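See structure below.
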Amino acid sequence: MEREVRVRFAPSPTGPLHIGGVRTALYNYLLARKLGGKMLLRIEDTDQNRFVPGAEQYIMDALRWCGIEIDEGIEQGGPHAPYRQSERKPMYRQYAQQLIDSGHAYYAFDTAEDLDAMRARLTAAKVPNPQYNSITRAQMRNSLTLPEDEVKQLLESGAQYVIRLKVPRKEEIRFNDLIRGWVVVHSSAVDDKVLMKSDGMPTYHLANIVDDHLMEITHVIRGEEWLPSAPLHVLLYRYLGWEATMPQFAHLPLLLKPDGTGKLSKRDGDKLGFPVFPLEWHGTDAETGQPTVSSGYRESGYLPEAFINFLAFLGWNPGTQQELFSMQDLIDTFTIERVSKSPARFDQNKVRWYNEQYLRAKPDAELAHYLIQELHTQGLAVPQEKAEQIAALVKERATFPADLAKEAQLFFQRSTTYDEQVISKKWNAPVAAALAAFAQELTTAPDTTPDGIKALLTQVVEGQGMKLGQVLQALRVAVTGAAAGPDLMHIMHILGAPETAQRIQLAVEKLAA
RNA sequence: GGUCCGUUCGUCUAGGGGUUAGGACAGUAGAUUUUCAUUCUACCAACAGGGGUUCGAUUCCCCUACGGACUACCA
């Protein structure tokens with residue numbers, strides 16, 4: 001029987017989610033939707049020391065903003081609740097016990113000092129890879145080296161202990177990664193990982209395998225940083241007797257910093273000159289305890305569609321020439337086989353370009369709605385129709401919605417200054433006279449459409465024995481104060497004849513002085 | 001150091017034993033425009049190096065170099 005595809009995104013709530021994490025969530029989501037499966041969100045909070053308040057909520061808000069929908073998780077519940085590992089604590093113990101009973105795990109009583117001493121000893125002896133493993137465990141204090149009754153007594157006396165996996169000495173561990181093909185690791189390179197911590201919490205490794213099994217996960221899609229521990233996970237599935245339903249692994253290439261010197265991390269914050277978080281994050285500085293703010297894509301004016309489209313292409317592509325993909329397009333086209341193996345760097349130019357594309361594709365009515373709201377905060381009331389005209393005119397010049405409002409200012413404020421370069425080059429008595437005449441005509445013009453205005457202007461200017469090109473720049477400055485901007489005829493049309501005429505007259509007076 | 005992963009234009013990438021090695025972003029130039037921008041057109045620009053295998057390797061294999069990840073009672 002074909003199993004239902006079930007994938008999970010399993011972040012730990014130690015802070016905001018960075019874009020690499022968002023991409024991992026995205027690929028999981030795309031696969032789930034493509035294959036008609038389920039997407040789960042599981043919170044991996046087994047490290048109580050690293051818990052950051054608000055991080056969990058942030059993760060859910062960020063995914064929602066991105067359009068990544070969760071089928072089962074802490075908000076929506078599901079057949080395998082709870083979806084927060086700290087709440088599943090009692091479930092892990094029995095599996096650790098099962099491993100001990102079957103001889104695949106053991107108790108270890110070593111203190112932090114013991115471990116440090118062991119590593120120091122091994123390093124001094126120039127052992128290539130100092131670790132707690134099949135060799136060194138013979139020298140440590142654990143249930144393999146201590147007499148049985150002493151172990152029993154230690155356990156009963158409440159001594160601190162951990163449970164470690166007994167990794168075989170000589171064995172090849174292999175698994176077929178969906179992206180990388182067969183990966184083979186020798187067991188001697190894997191250490192006896194702690195499964196249960198002395199505080200009674202499982203480590204990531206145990207909790208992860210137990211939960212993925214219990215939650216019937218079919219595909220584990222995660223970052224490449226997990227590749228080295230994948231063999232350990234394979235071993236756990238085997239020893240727990242779950243190998244037959246072990247999920248398929250896919251290790252995603254890393255997202256690198258723009259200079260390629262390492263993987264992007266949440267600590268990069270705003271240091272890189274672009275947001276690394278989907279949403280703005282309010283945190284506290286680890287050293288000073290001062291509140292900090294890290295910028296987010298949402299607050300910077302990025303549209304979620306653009307952000308997601310861009311992110312999807314960082315490490316994946318459809319093999320066609322198409323660049324613009326809606327979420328549904330991505331779902332329809334995505335296959336894990338087309339995810340690349342090599343890491344990708346972040347390209348700021350390209351996200352901006354994507355944002356421009358999506359912004360321009362938005363209906364004018366929607367852009368107008370934004371404009372109205374934005375201008376309202378400035379105390380300006382703008383009718384829908386006018387806002388739409390403005391939006392249509394300026395959207396080609398905008399990267400972010402905020403640019404729309406910026407460009408729209410000229411319609412609501414007369415400039416108090418005039419571009420000096422244009423004035424010195426293009427402004428003279430005949431030009432001023434022609435413009436004054438034009439302003440005069442404009443007040444009674446029957447046709448104030450862009451074309452009508454242009455016809456009138458041409459008529460007036462040529463009537464004065466001049467060419468249009470001689471006055472246009474001056475006219476622009478007279479009307480807007482600036483040397484550059486959107487199409488002048490459209491500006492004058494939206495402004496209306498009376499306002500345009502007044503502005504021209506004002507400029508003529510001011511610049512004559 | 002050890003283990004693992006990776007390497008096509010500046011960036012994201014397509015391709016794959018015989019190709020003018022394709023696209024997008026960025027850059028440059030031109031056209032359009034009253035201006036800036038947009039748009040359009042063109043240009044620039046890459047198979048890390050060395051060995052094999054082969055009639056032929058950018059493509060397959062090996063080595064080297066470089067880059068990265070991991071190497072916690074963190075995830």
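Both backbone and side-chain heavy atoms feed into the values below; hydrogens, waters and symmetry mates do not. Numbered from 1 within each chain, the chains take letters A, B, ... in sequence-line order. Note that the structure is a prediction, hence the values are computed from the model and not measured.
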Across nucleotides 70-75 of chain B, 5' to 3', mark each nucleotide with B, S or - according to how protein heavy atoms within less than 4.0 Å reach it. S--BBB

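Pairing partner, B:C73: none, since no Watson-Crick or wobble contact has both distances short of 3.5 Å. With a 3.5 Å ceiling on both atom-pair distances, the Watson-Crick or G-U wobble partner of B:U28 is B:A42. In this entry B:U20 has no Watson-Crick or G-U wobble partner, no candidate having both defining distances under 3.5 Å. With both pairing distances under 3.5 Å, B:G67 is matched to B:C5 as a Watson-Crick or G-U wobble pair. Judged by Watson-Crick or G-U wobble contacts below 3.5 Å, the nucleotide B:U53 has no partner.
No contact: A:Arg222 has no heavy atom under 4.0 Å from any strand. Residue A:Thr261 is in sugar-phosphate contact alone, with no base atom involved, counting any heavy-atom pair closer than 4.0 Å across all strands shown. Note on A:Val422: nothing from the nucleic acid sits closer than 4.0 angstrom, heavy atoms only. Residue-level contact check: A:Gly315 touches the backbone only, with heavy atoms under 4.0 Å from sugar-phosphate atoms and none from bases. As judged by a 4.0 angstrom heavy-atom cut-off over every strand, A:Leu468 is placed among residues making no nucleic acid contact.
Around atom CZ of A:Arg267, no more than 12 heavy atoms belonging to other residues, nucleotides or ligands sit under 6.0 Å away.
Mapping A:Leu254 and A:Val127 onto RNA chain B by nearest heavy atom places A:Val127 at the nucleotide closer to the 5' end. Place A:Gly319 and A:Gln473 on RNA chain B by their nearest nucleotides, and A:Gly319 ends up nearer the 5' end.
For the C1' atoms, the distance linking B:G2 with B:C43 amounts to 49 Å, nearest Å. Taking atom C1' in both B:U11 and B:A26, the straight-line distance is 8 Å, to the nearest Å. The same atom, C1', is picked in B:A46 and in B:G16; the two are 15 Å apart, to the nearest Å. Comparing the C1' positions of B:A31 and B:G49 gives an interatomic distance of 44 Å, to the nearest angstrom. Only the C1' atoms considered, B:C47 is 11 Å distant from B:A57, to the nearest whole Å. B:C73 and B:A69 have their C1' atoms separated by 22 Å, with the value rounded to a whole Å. Between B:C4 and B:U54, the two C1' atoms lie 32 Å apart (nearest whole Å). Annotation: B:C63 and B:G6 have their P atoms spaced 14 Å apart (nearest Å).
As rounded to whole Å, 15 Å separates atom P of B:C5 from atom CZ of A:Phe249. Following rounding to the nearest Å, A:Met489 (CE) and B:U35 (C1') show an atom-to-atom distance of 11 Å. Spacing between atom CZ of A:Phe325 and atom P of B:C12 amounts to 19 Å, rounded to whole angstrom units. In this structure, OH of A:Tyr354 is placed 10 Å from C1' of B:U13, rounded to the nearest angstrom. Atom P of nucleotide B:A24 and atom OH of A:Tyr358 are separated by 16 Å, given to the nearest angstrom. Remark: P of B:U3 and NE2 of A:His251 are 20 Å apart, rounded to the nearest angstrom. Counting to the nearest Å, the P atom of B:C12 and the CD1 atom of A:Ile19 are 13 Å from each other. Rounded to a whole Å, the CG atom of A:Asp419 is 19 Å from the P atom of B:U34.
Scored by the side chain to side chain donor-acceptor pair (under 3.5 Å) test, A:Asp45 finds A:Ser86 as partners (sequence neighbours excluded). A:His490 meets the ring pair (Phe, Tyr, Trp, His ring centres under 6.0 Å) test with no other residue; sequence neighbours excluded. Listed by chain and residue number, A:Glu356 satisfy the side chain to side chain donor-acceptor pair (under 3.5 Å) test with A:Thr399 (two or more places apart in sequence, or in another chain). Among residues two or more places apart in sequence or in another chain, the ring pair (Phe, Tyr, Trp, His ring centres under 6.0 Å) test is passed with A:His213 by A:Trp242. Residues passing the side chain to side chain donor-acceptor pair (under 3.5 Å) test with A:Lys425: none are found, sequence neighbours excluded. A:Arg23 is linked by a side chain to side chain donor-acceptor pair (under 3.5 Å) to nothing, counting only residues two or more places apart in sequence or in another chain. Residues passing the ring pair (Phe, Tyr, Trp, His ring centres under 6.0 Å) test with A:Tyr107 are A:Tyr161, sequence neighbours excluded. In terms of the ring pair (Phe, Tyr, Trp, His ring centres under 6.0 Å) criterion, residue partners of A:Phe274 (sequence neighbours excluded) are, by chain and number, A:Phe346.
The side chain of A:Glu323 has B:A24 as its nearest neighbour among B:A24, B:G22, B:C12.
The shortest heavy-atom contact between A:Pro130 and A:Arg119 is CB-O, 4.4 Å. For the pair A:Leu442 and A:Ala497, the tightest heavy-atom approach, listed with the atom from each and the gap, is O-CB, 3.5 Å.
The aromatic rings of A:Trp281 and A:Tyr58 sit perpendicular, their planes meeting at an angle over 60°, well past the 30° parallel limit.
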Listing, residues 452-471 of chain A side-chain donor-acceptor contacts under 3.5 Å, not counting sequence neighbours, or none:
residue, atom, partner, partner atom, Å
A:Thr458, OG1, A:Lys454, O, 2.6
A:Gln470, OE1, A:Lys467, N, 2.8

Any N/O pairs under 3.5 Å between the protein and nucleotides 36-41 of chain B? List them or say none.
residue, atom, partner, partner atom, Å
B:C36, O2, A:Arg397, NH1, 2.5
B:C36, O2, A:Arg397, NH2, 2.3
B:C36, N3, A:Arg397, NH1, 2.6
B:C36, N3, A:Gly485, O, 3.0
B:U38, O3', A:Arg360, NH1, 3.3
B:U38, O2', A:Glu396, OE1, 2.3

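Between A:Arg174 and B:C4, a side-chain N or O to OP1/OP2 separation shorter than 4.0 Å is absent.
RNA chain B is contacted by A:Ser340, A:Lys341, A:Ser342, A:Pro343, A:Ala344, A:Arg345, A:Asp347, A:Asn349, A:Lys350 of residues 340-350 of chain A, taking any non-hydrogen atom closer than 4.0 Å.
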Intermediate values then yes/no, ring pair (Phe, Tyr, Trp, His ring centres under 6.0 Å), A:Phe313 and A:Phe325: CA-CA 10 Å; A:Phe313 268 66; A:Phe325 281 74; 5.6 Å; yes

